[in-house]
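One structure is given below, encoded as structure tokens.
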Amino acid sequence: MLIRTGRDGFQHPVTSEITPRAVYEDRRRLMKWMATGAAGAALAGWAQREALAQQVQRPGKLAALQAVRSGVAGATTMEKVTDYKDATSYNNFYEFGTDKDDPAKNAHTLKPSPWTVEIEGLVKKPGRYALEDLLKWSAQEERVYRLRCVEGWSMVIPWVGYSFSNVARRVEPLGNAKFVEFITQADPKTMPFVGSRVLDWPYVEGLRMDEAMNPLTLLTFGMYGEVLPNQNGAPVRIVVPWKYGFKSGKSLVKIRFSEQMPKTAWNKAAANEYGFYSNVNPNVDHPRWSQATERRIGEDGLFAKKRKTLVFNGYEAQVGQLYAGMDLKKNY
Ligand SMILES: Nc1nc2c(c(=O)[nH]1)N[C@H]1C(S)=C(S)[C@@H](COP(=O)(O)O)O[C@H]1N2
Ligand SMILES: [Mo]
């Protein structure tokens, strides 16, 4: 900046104004780049990330999990982040009970350490991998995703993890691998409801290979800058933001690459209500209720308006092409 000194109005540059040649060259390049228009998008992204940095506070309850801000397109919504309290006390984790507050009450018995994840099936490098190793397979990123439950509520959660595609790159799926199956912990000693008949345990979910490889599919180790609380699926879960919440299996113990479409827990329980795809779709009602709108957790005051549910939960630009030519009413 120029500062005015003296009565004669003489202006002289402050030290920071004196531009060394290298900086000057850099600036010229920057100006050129800005002229291309790329800068606008990048700066908007930067402003968003700055705003985000102020928004997401570490609750200081669990171990910190360092993360860089994600550069993946669409990975960070600017919507208000759900309170940590709500995100950790209003949960679905049927292994610990079917009421929303059961997981927070009961999941203290889950032992997230030591933990291993077995990777098997159609891969060149199957094996049982320690959590500590998995954590290092790629840089941890922060992603602020909408989470839409099939029950009609939603949240906005800052997850920490990395694209699942990094796992595939490590274990090298074979050419005939067409699906990925996510198998979660089912330990009757630590999970009081695993004996119940609500579901056929273990809780299993699955994705088509191209869905699993989409950069938005997040292998998730933390939230709000800390490791995952037990009730949210410690120590490692999957998060698939364009699908209903139940596709995001918690407390993963096994990942299997297969040729056949996996039989998933909810599909086995009620095939007419829960299809394999389960993409968030306001135009396809659940047989017993509409999916057109949702209630955002934290906005539940007397006059809070419901929100319109978005196709693919708002991630159509990123994932719509995965379903080109598919009838999404049939493939619900
Ligand atoms: N193992 C397991 N994973 C699960 C579930 C479950 O019951 N068991 N519930 C699913 C459902 S229905 C939802 S909406 C999300 C909720 O995730 P959150 O509690 O972290 O918000 O987890 C999903 N993953
Ligand atoms: Mo859900």
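Keep in mind that what you see is a predicted model, and the values were worked out from it rather than measured. Just so you know, ligand 1 is whichever comes first in the structure, and atom 1 is the first atom listed for that ligand.
Close approach of ligand 1 to Asn91 is summarised as follows: ligand atoms under 4.0 Å from at least one heavy atom of the residue are 18 (P), 19 (O). The Asn232 neighbourhood of ligand 1 comprises atoms 18 (P), 19 (O), 20 (O), with distances under 4.0 Å to a heavy atom of that residue. In the vicinity of Thr184, heavy-atom distances shorter than 4.0 Å reach the ligand 1 atoms 1 (N). Of all the atoms in ligand 1, the ones that sit under 4.0 Å from a non-hydrogen atom of Cys149 are 14 (S).
At least one heavy atom of Arg237 sits under 4.0 Å from some atom of ligand 1.
Taking the ring axis of Tyr84 as reference, the NZ or CZ atom of Arg58 does not stay both within 45° of it and closer than 6.0 Å to the ring centre.
Nearest to atom 8 (N) of ligand 1 among the protein's heavy atoms is Glu95 OE1, 2.8 Å. Ranking the protein heavy atoms by distance from atom 7 (O) of ligand 1 puts Tyr94 N, 2.8 Å first. The protein non-hydrogen atom at the shortest distance from atom 21 (O) of ligand 1 is Leu147 CD2, 3.4 Å. Lys250 N, 3.0 Å is the protein heavy atom nearest to atom 3 (N) of ligand 1. With hydrogens left out, the protein atom closest to atom 9 (N) of ligand 1 is Asn92 O, 3.2 Å, a heavy atom. When only non-hydrogen protein atoms are considered, atom 15 (C) of ligand 1 lies nearest to Gly245 O, 3.6 Å.
Side-chain N/O atoms of Ser154 and Arg146 include no donor and acceptor closer than 3.5 Å. Glu151 and Asn92 share a donor-acceptor pair across their side chains, judged by distance under 3.5 Å alone. Between the side chains of Arg143 and Ser163, at least one donor-acceptor pair of N or O atoms lies under 3.5 Å.
For ligand 1, the polar-atom distance check finds no N/O of Trp159 at less than 3.5 Å from any of the ligand's N/O atoms.
Aromatic pair Trp201/Phe193: centroids not less than 6.0 angstrom apart. Two rings, from Tyr94 and Phe246, have their centers 6.0 Å or more apart.
The side-chain contact (heavy atoms from CB on, under 4.5 Å) test with Phe276 is passed by exactly one of Glu205, Met261, Lys263: Met261. The only member of Arg237, Glu95, Lys254, Met191 that meets side-chain contact (heavy atoms from CB on, under 4.5 Å) when paired with Thr184 is Glu95.
Scanning both residues, Asp200 and Lys268, for their nearest heavy atoms gives OD2-NZ, 3.1 Å.
Nearest residue to atom 2 (C) of ligand 1 from Trp201, Tyr90, Tyr203 is Tyr203 (criterion: closest heavy atom). Of the listed options Ser248, Ser251, Gly97, Ala104, Ser248 places a heavy atom closest to atom 24 (N) of ligand 1.
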